[in-house]
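Reading through the structure tokens given below for one structure.
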Amino acid sequence: RVGQEPRQWLEGEVSVFDTSIFHDAVNDSDGERYILMLRVWHPELTDVERKALQFTFDALDVPGLLSEDPGEVFMAEKQLEIMRSVPVDPEVELKRKIKKNKKTVRKKGGGGFGS
């Protein structure tokens, strides 16, 4: 479901939707399903909106940015700096994201993804 619109996964087909709309996904099969999520800017977003969204994405990747401890925020900002300065090996990054998503995506029962 995306918003109020029911959707169905179809074998061999591509499904695209705006993840800023509340949605949930259920995998009732015994197999794994892989999801490729891309972050793209809507062309009508203002610079302020883009910066706000980027901060949200950064906080998802480096939760320490939201800490009330100034030392932890400092370390998180340094971690983010390093992450942005080092070229990412796409294969390594994909494996990291798959591993991270396996912890958050449930096989049955659904749940919203707000990224």
May I ask you to test the [X]-[Y] pair for a side-chain heavy-atom distance under 4.5 Å?
{"X": "Leu45", "Y": "His42", "answer": "yes"}
{"X": "Leu66", "Y": "Phe55", "answer": "yes"}
{"X": "Phe22", "Y": "Val2", "answer": "no"}

Original post:
Of the non-hydrogen atoms in Ile21 and Gly3, which two are nearest, and what is the gap between them?
Top reply: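 Heavy atoms only, the tightest pair is CG2-N, 3.5 Å.
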Subject >> Heavy-atom closest pair, residues Arg50 and Trp41 >> reply: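 Nearest pair, atom of Arg50 first, then Trp41: O-CH2, 3.4 Å.
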Enumerate, atom names and distances included, each donor-acceptor pair closer than 3.5 Å involving a side-chain atom of residues 69-80, sequence neighbours excluded.
unit_1	atom_1	unit_2	atom_2	d
Asp69	OD1	Gly71	N	2.9
Glu72	OE1	Ser67	OG	3.0

**OP:** State the CD-NE2 distance between Glu5 and His23, to the nearest 0.5 angstrom.
**Re:**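 Between Glu5 CD and His23 NE2, I get 13.0 Å after rounding to 0.5 Å.
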Original post:
For residues 40-49, which residue pairs qualify under salt bridge (Lys or Arg N to Asp or Glu O under 4.0 Å), counting only residues two or more places apart or in two chains?
Top reply: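 Output for this query lists Asp47-Lys51.
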Subject >> Carboxylate-amine/guanidinium proximity below 4.0 Å for Asp61 and Arg84 >> reply: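 Between Arg84 and Asp61 there is no salt bridge, as every charged N stays at least 4.0 Å from the carboxylate O atoms.
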**OP:** Check which hydrophobic residues are tied to Val16 through side-chain heavy-atom contacts below 4.5 Å, counting indirect links as well, and list them.
**Re:**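 Same cluster as Val16: Val14.
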Original post:
Ignoring hydrogens and geometry, is there a side-chain-to-backbone donor-acceptor pair from Asn27 to Gly31 under 3.5 Å?
Top reply: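 Flag set: sc Asn27 to bb Gly31 pair under 3.5 Å.
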